[in-house]
Amino acid sequence: FEPDEKLLLSDTLHKYNPYGWKQERNIIISTKYLFNLKGKSLKRKINLNNIAATTVSESAKSQEFVLHVPDEYDYRYTSPHRQEIINQLRKIYFKFNGKPMQRYAVPHEFLKEFTTTKSEKKKNIYRIPEESFRIPEEVQDVKHLDAEDAKTAAVGFEEVKA
């Protein structure tokens, strides 16, 4: 970590590779980056300011979510802690940008069609849901996320407050 960087959350979850196979990963969210690790090996480090939006599945059968990274490529994950992870990202994004992060919710169980892969990015293909799936959000909504932090301590994953 950089000297002024702090750990906010860590979790074990599953990411989907471009072929749709689940792969266990560990993520760490700091005040500056999202780290994607395979075991103890760092696979990718994303500046949180580069995560432009999230997409979640509204299906009761799914815990999938996508992190949209327009300058690179997206990550498609599944986790029972999806909302806590997204809330941490939303708070940091708001702190960096002074505006809420774009969020989408789609009725699809699987989110592959809303995930831009590395090879698609090279071809300038960008997959994000249509505007009709966007969740309207006010600045007030993001400011209330701090109140939800107390709940996350009991969900069974690591959260470290700055």
Participant: Check whether NZ of the Lys or CZ of the Arg Lys45 lies under 6.0 Å from the centre of the six-membered ring of Tyr33 and within 45 degrees of that ring's axis.
Facilitator: yes

Participant: Answer with yes or no after comparing the ring centroid distance for Phe114 and His68 against a 6.0 Å cut-off, counting only values under it.
Facilitator: no

Participant: Quickly, which of Lys121, Lys118, Arg44 forms a side chain to side chain donor-acceptor pair (under 3.5 Å) with Glu72? Name it, please.
Facilitator: Arg44

Participant: Keeping Asn97 on the side-chain end and Lys99 on the backbone end, is there a donor-acceptor pair under 3.5 Å?
Facilitator: no

Participant: Are Tyr126 and Phe133 connected, step by step, through hydrophobic side chains (Ile, Leu, Val, Met, Phe, Trp, Tyr) whose heavy atoms are closer than 4.5 Å?
Facilitator: yes

Participant: Is the shortest side-chain N to carboxylate O distance from Lys32 to Glu2 below 4.0 Å?
Facilitator: yes

Participant: Taking the basic N atoms (NZ, or NE/NH1/NH2) and the acidic carboxylate oxygens, is any pair closer than 4.0 Å for Lys123 and Glu120?
Facilitator: no

Participant: Would you find a donor on one side and an acceptor on the other, under 3.5 Å apart, between the side chain of Thr115 and the backbone of Leu111?
Facilitator: yes

Participant: Can you tell me if Thr31 uses its side chain to pair, donor with acceptor, with the backbone of Lys6 under 3.5 Å?
Facilitator: yes

Participant: Closer than 3.5 angstrom, by distance alone: can the side chain of Asp11 be matched with the main-chain N or O of Ile27 as a donor-acceptor pair?
Facilitator: no

Participant: Please determine whether side-chain contact (heavy atoms from CB on, under 4.5 Å) holds for the pair Tyr73 and Val69, giving the CA-CA distance in whole Å, both sets of side-chain angles, and the decisive distance to 0.1 Å.
Facilitator: CA-CA 5 Å; Tyr73 57 94; Val69 189; over 6 Å; no

Participant: Distance under 6.0 Å and angle within 45° of the ring axis: does Arg82 meet both against Phe65?
Facilitator: no

Participant: Looking at Ser59 and Glu109, would you say the former's side chain and the latter's main chain have a donor-acceptor pair under 3.5 Å?
Facilitator: no

